[in-house]
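All values below were derived from every heavy atom in this structure, side-chain atoms included, with hydrogens, water molecules and symmetry-related copies excluded. Start at 1 with the first residue, then count along the sequence.
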Amino acid sequence: MEIMEFEEFVDERILVSHDTFRKKVLKIKILEVSDEVSPSAWKFGDRVKVNKILVTIKHLETQLVEEGEFDIESIEKELIEKRHYSSTNRWVPTTEIKNGYLVNSRHTTLISDASALGYIEF
């Protein structure tokens with residue numbers, strides 16, 4: 001058995017979101033971040049701008065697992081063109097990323113544009 005420091009341990013529950021009826025769970029892995037420097041690090045701390053994510057949805061009743069890669073940057077641009085707005089905030093505090101996965105409190109902000117365009121239903 002491999003021993004790890006307590007600080008390295010991540011409770012799986014903080015990485016998973018449930019849908020309203022608790023029939024699905026969602027998990028987001030960050031695949032690519034921008035090398036752009038946060039313009040207001042002095043105010044919000046260390047953050048990274050997320051470009052691509054891998055969304056995994058598990059249907060609890062059937063155990064079916066769906067995965068899809070999303071280019072958040074291009075989805076944001078598409079929503080701005082089609083609807084003249086974007087609700088995505090791709091800047092994520094580095095403390096909200098655990099082992100490459102985004103904590104559940106940030107899931108909605110990253111998938112809101114994809115949801116608005118019908119690319120994802122959760």
Side-chain angles (χ1 to χ4, degrees):
M1 175 164 51
E2 185 179 334
I3 307 240
M4 73 170 75
E5 297 292 322
F6 181 74
E7 293 81 28
E8 297 172 330
F9 175 76
V10 176
D11 189 347
E12 185 77 10
R13 294 175 293 185
I14 68 167
L15 303 178
V16 176
S17 293
H18 292 84
D19 70 329
T20 306
F21 302 108
R22 292 206 169 275
K23 293 185 178 192
K24 301 178 200 174
V25 292
L26 176 132
K27 195 172 183 181
I28 297 177
K29 181 171 182 75
I30 297 175
L31 298 178
E32 181 183 301
V33 295
S34 170
D35 57 357
E36 187 177 337
V37 178
S38 176
S40 52
W42 60 271
K43 186 175 183 180
F44 299 112
D46 289 336
R47 300 184 307 162
V48 292
K49 192 172 188 179
V50 177
N51 288 340
K52 292 184 182 179
I53 59 174
L54 177 69
V55 176
T56 305
I57 297 176
K58 181 178 181 182
H59 299 262
L60 298 175
E61 294 175 334
T62 63
Q63 299 301 303
L64 176 70
V65 176
E66 298 177 81
E67 278 192 338
E69 187 174 314
F70 293 91
D71 184 335
I72 300 299
E73 184 177 23
S74 65
I75 290 173
E76 181 180 56
K77 288 176 184 174
E78 181 182 348
L79 190 63
I80 291 170
E81 287 174 12
K82 289 183 176 180
R83 309 265 172 88
H84 306 289
Y85 78 97
S86 173
S87 56
T88 298
N89 180 0
R90 296 187 296 128
W91 288 101
V92 176
T94 55
T95 56
E96 308 259 331
I97 301 169
K98 308 291 183 189
N99 295 339
Y101 288 89
L102 190 63
V103 296
N104 57 14
S105 62
R106 294 289 179 163
H107 288 175
T108 305
T109 58
L110 274 185
I111 65 168
S112 59
D113 286 354
S115 182
L117 290 169
Y119 290 134
I120 187 171
E121 291 180 22
F122 185 74

Kindly determine whether Ile53 and Leu102 satisfy side-chain contact (heavy atoms from CB on, under 4.5 Å), including the steps that lead there. CA-CA 9 Å; Ile53 59 174; Leu102 190 63; over 6 Å; no
Closest contact, heavy atoms only, [X] versus [Y]:
X      : Y      : value
Pro93  : Arg106 : CG-NH2, 3.4 Å
Leu117 : Lys82  : CD2-CD, 4.2 Å
Asn89  : Leu110 : O-CD2, 4.2 Å

Determine whether Leu26 and Ile57 satisfy the following criterion, side-chain contact (heavy atoms from CB on, under 4.5 Å), listing intermediate values before the conclusion. CA-CA 5 Å; Leu26 176 132; Ile57 297 176; 4.0 Å; yes
Using 0.5 Å steps for rounding, measure from the [atom1] atom of [X] to the [atom2] atom of [Y].
X      : Y      : atom1 : atom2 : answer
Asp19  : Lys24  : CG    : NZ    : 6.0 Å
Lys77  : Asp113 : NZ    : CG    : 13.0 Å
His107 : His18  : NE2   : NE2   : 11.5 Å
Ile72  : Glu32  : CD1   : CD    : 11.0 Å
Asn51  : Phe70  : CG    : CZ    : 15.5 Å
Glu66  : Glu121 : CD    : CD    : 9.5 Å

Among Arg47, Lys49, Glu36, find the one that has a side chain to side chain contact (heavy atoms under 4.5 Å, CB included) with Arg90.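 By the side chain to side chain contact (heavy atoms under 4.5 Å, CB included) criterion, Arg90 pairs with just one of Arg47, Lys49, Glu36: Lys49.
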Candidate pair Lys23 and Leu60, rule side-chain contact (heavy atoms from CB on, under 4.5 Å), full reasoning: CA-CA 5 Å; Lys23 293 185 178 192; Leu60 298 175; 5.6 Å; no
Can you get from [X] to [Y] by hopping between Ile, Leu, Val, Met, Phe, Trp and Tyr side chains that sit under 4.5 Å apart?
X      : Y      : value
Val55  : Tyr119 : yes
Ile75  : Ile120 : yes
Leu54  : Ile30  : no
Val103 : Tyr101 : yes

Can Lys27 and Glu12 be said to form a side-chain contact (heavy atoms from CB on, under 4.5 Å), step by step? CA-CA 10 Å; Lys27 195 172 183 181; Glu12 185 77 10; 2.5 Å; yes
Can you tell if the side chain of Lys29 reaches within under 4.5 Å of the side chain of Thr56, non-hydrogen atoms only?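 They are not in contact (no side-chain heavy atoms under 4.5 Å apart), so the answer is no.
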Check whether any side-chain N or O of Asn104 sits under 3.5 Å from a backbone N or O of Val16 as a donor-acceptor pair, and report yes or no.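 Yes; judged by distance alone, with no hydrogens or angles, the pair exists.
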